[in-house]
There are 2 protein chains.
Amino acid sequence: MSDSTRDRIINVADALFYQKGFEHTSFSDIANSVGISKGNFYHHFKTKDEILNAVIDFRLFRTRELLNAWHTSEAEPDKRIQCFIKILITNRAKIKLYGCPVGTLTTELGKLSHPLLVDANKIFTLFKDWLASQFEELGKCKSESEALAMQLLARSQGSATIASAFGDEEFLYEEVESHVRWLNEIK
Amino acid sequence: MSDSTRDRIINVADALFYQKGFEHTSFSDIANSVGISKGNFYHHFKTKDEILNAVIDFRLFRTRELLNAWHTSEAEPDKRIQCFIKILITNRAKIKLYGCPVGTLTTELGKLSHPLLVDANKIFTLFKDWLASQFEELGKCKSESEALAMQLLARSQGSATIASAFGDEEFLYEEVESHVRWLNEIK
DNA sequence: GTCTATATAGAGATAGAC
DNA sequence: GTCTATCTCTATATAGAC
């Protein structure tokens, strides 16, 4: 991502939407954080939904990059799945404070009946399909792979929410250990 | 709960906070839904935080009642834990639409850095402590009971979030089945 | 206890100068 | 591309009549 004003806005909005939520983040918040005026802001994005749309696209892009990185760094499908499991530890500090960025955004947009909910959900689908294809490589049939991907997604999601609610970073380590054990049992 | 205007406000606010989120629910929304004027509304609650506080107290009260009901209806601790597991099915229609009422509220209040987050989290603690005491009755030691309660809380939470994100009611049935199997294995 | 009318602040959004 | 100034709408909140 380059350093244009537009990209700096997207980066700041991405962080603020995660930390404060979409609705609770105002144009002023973003403009102040970027260090530009509100008027300038509107030169780059005409509506709040436009910036949300850009943030979702950015997150989709980063997610694809992350999945590709895991795919190239690990040769075995079970090792790749472990990469997913361990993001709870990699991002533990932020998860403790703000929960899962994917789950909290889709939950909020759902309650707002926001038209871009559909696009935010694509981030979940990206993870789900990638996980399912790893389970298939492990030798599972298509329908079981899909089910296992959903299960793992749900487990990670729950771990993040509970760790955040109880402000418990240590819990994330226990959960990751438990998820890895689960993976070794089912594979 | 009686039928006074105050109680009707709490009931409506409880539902709207769940469906639309706390911040996205306005006084007008509540007043309109109750069928009173905004002016009358302020006779009963002076600030938005006051009504949130009343809603949280109401939810704490209902949760205690629910746990007591499970306690009296089921003699065995594992059957009581199953009651908790199966609320995902009991409330499946609403969970699909709005997620878990406890998790989504605490997540939202966390992002708002809201002072009443502490009180909202007490609902989680109520479930956690009750589950832990059931695991103790099953013969688990104190620290393991606590850990198992947190695990089950996380699992249910994740199932709700993913079912809601994917609009998948059927997934809740699969998850409940999986949680019951887990309970039978560990007990 | 309930209403109408109103005050005030902050949000999203625009116009136009530089 | 960036700024200041301004508009409009809606949300929280208050005052005071009935």
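As the structure is a computational prediction, the values presented were derived from the model and not from experiment. Chain letters run A, B, ... following the sequence lines, proteins first, then strands; residues in each count from 1.
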**Request:** Using whole Å, report how far CZ of A:F45 lies from P of C:dA13.
**Result:** 13 Å

**Complete:** Atom CD1 of B:I36 and atom C1' of C:dT4 are separated, to the nearest Å, by 14 Å

**Asked** Under 4.0 angstrom, heavy atoms only, what part of the nucleic acid is B:F27 near: base, sugar-phosphate, or nothing?
**Response** sugar-phosphate

**Gap between atoms NZ and C1', on B:K46 and D:dA15 respectively (whole Å)** = 14 Å

**Item:** Check: A:D29/A:H24 side-chain N/O donor and acceptor closer than 3.5 Å
**Value:** no

**Message:** In this structure, how many angstroms lie between the C1' atom of D:dA11 and the CD1 atom of B:I51, rounded?
**Reply:** 16 Å

**Request:** Mind calculating the distance between CD (A:E23) and P (D:dT10) to the nearest angstrom?
**Result:** 14 Å

**Request:** For the side chain of A:K48, starting at C-beta, report the closest nucleotide among C:dG12, C:dC3, D:dA13.
**Result:** C:dG12

**Protein-nucleotide distance (A:F41, atom CZ; D:dT4, atom P), rounded to Å** = 16 Å

**Prompt:** Considering only C:dA11, D:dG1, C:dT2, which nucleotide approaches the side chain of A:N40 most closely?
**Reply:** D:dG1

**Prompt:** Do the rings of B:F127 and B:W70 sit parallel, tilted or perpendicular, given the 30° and 60° boundaries?
**Reply:** tilted

**B:H44 vs A:T47, nearer the 5' end of DNA chain C by closest nucleotide** = B:H44

**Message:** Using the side-chain heavy atoms of A:Y42, tell me which of these nucleotides is nearest: C:dT14, C:dC3, D:dA13.
**Reply:** C:dT14

**Message:** Just the rounded figure in Å: distance from C1' of C:dC3 to CG of B:N32.
**Reply:** 14 Å

**Asked** Where does the angle between the aromatic ring planes of A:F41 and A:F27 fall among parallel (under 30°), tilted (30 to 60°) and perpendicular (over 60°)?
**Response** tilted

**Prompt:** Expressed in angstrom and rounded to an integer, what is the separation of B:L112 atom CG from D:dT12 atom C1'?
**Reply:** 15 Å

**Complete:** Regarding the side chain of B:H43, the nearest nucleotide among C:dG1, D:dA13, D:dT2 is C:dG1

**Message:** Using a 4.0 Å heavy-atom cut-off, does A:S26 contact any base of the nucleic acid, only the sugar-phosphate backbone, or nothing at all?
**Reply:** sugar-phosphate

**Prompt:** Can B:R62 be said to sit on top of B:F58's aromatic six-ring, NZ or CZ under 6.0 Å from centre and within 45° of the ring axis?
**Reply:** yes

**Prompt:** CG/B:D49 to CD1/B:I56 distance, rounded to the nearest 0.5 angstrom?
**Reply:** 9.0 Å

